[in-house]
Amino acid sequence: MEEKRYPTVEEEGFGGMVNEPIVAPVPDTMPVDSFTEVHDWIDDLDWDKFPSFGPFSDEEAIARIEEAEADLKDPSKWVTAEEMDRRLYERFPWLR
């Protein structure tokens with residue numbers, strides 16, 4: 001591993017010790033103008049151009065839940081972990 005090299009005082013052009021770089025502290029409060037600007041920017045976004053993969057209504061959400069519950073009861077849609085392990089070991093014996 002390569003050792004860290006810190007610049008010397010002569011290279012930096014000032015006196016004192018050279019330490020690890022630090023990150024400037026973030027102020028505890030945000031100016032009100034910046035806060036308002038961000039909210040105005042969010043409000044001005046055209047939300048219809050962003051993709052949405054979730055349900056658009058309560059009815060669609062309920063239909064998706066019912067479909068998922070039906071899939072859980074259909075054994076052709078899933079296999080147990082033990083069956084999956086058996087299939088993997090059968091196809092890829094070095095996984096044992």
Side-chain angles (χ1 to χ4, degrees):
M1 186 171 128
E2 188 175 306
E3 188 175 303
K4 289 185 179 178
R5 182 189 169 284
Y6 296 101
T8 63
V9 175
E10 293 81 26
E11 291 173 349
E12 287 292 322
F14 59 87
M17 295 179 60
V18 178
N19 295 321
E20 290 281 339
I22 61 169
V23 178
V26 177
D28 292 337
T29 60
M30 179 184 283
V32 176
D33 294 339
S34 298
F35 188 74
T36 306
E37 284 178 25
V38 170
H39 280 272
D40 290 344
W41 178 76
I42 290 173
D43 290 340
D44 293 341
L45 285 175
D46 182 13
W47 291 99
D48 293 330
K49 73 177 182 179
F50 294 108
S52 176
F53 303 106
F56 294 103
S57 65
D58 293 342
E59 293 80 19
E60 185 180 352
I62 292 169
R64 287 184 181 194
I65 292 169
E66 290 172 351
E67 184 180 341
E69 288 173 346
D71 286 346
L72 282 174
K73 296 175 185 170
D74 185 4
S76 67
K77 300 277 184 175
W78 59 275
V79 296
T80 62
E82 291 80 18
E83 176 65 18
M84 189 62 173
D85 288 342
R86 187 191 64 72
R87 289 181 186 180
L88 282 172
Y89 295 151
E90 189 177 284
R91 187 165 178 193
F92 308 106
W94 60 86
L95 292 176
R96 289 182 190 244

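Side chains are part of it too, since the values below use all heavy atoms of this structure and drop only hydrogens, waters and symmetry mates.
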K.L.:
Please name all residues satisfying side-chain hydrogen bond (donor to acceptor under 3.5 Å, both in side chains) with D74, sequence neighbours left out, ordered by chain then number.
P.N.:
S76
K.L.:
Please identify each residue that fulfils side-chain hydrogen bond (donor to acceptor under 3.5 Å, both in side chains) with T80, with sequence neighbours left out.
P.N.:
none
K.L.:
Report the residues that fulfil ring pair (Phe, Tyr, Trp, His ring centres under 6.0 Å) with F92, sequence neighbours left out, ordered by chain and then residue number.
P.N.:
W94
K.L.:
Does D44 have any side-chain contact (heavy atoms from CB on, under 4.5 Å) partners at least two apart in sequence or in another chain, and if so, which?
P.N.:
none
K.L.:
Just jot down the side-chain hydrogen bond (donor to acceptor under 3.5 Å, both in side chains) partners of R86, sequence neighbours excluded, or say none.
P.N.:
E83, E90
K.L.:
Cut-off 3.5 Å, no hydrogens considered: what does the side-chain donor-acceptor table look like for residues 64-71, sequence neighbours left out?
P.N.:
from, atom 1, to, atom 2, distance (Å)
R64, NH1, F53, O, 3.1
R64, NH2, F53, O, 3.4
R64, NH2, E60, OE2, 3.1

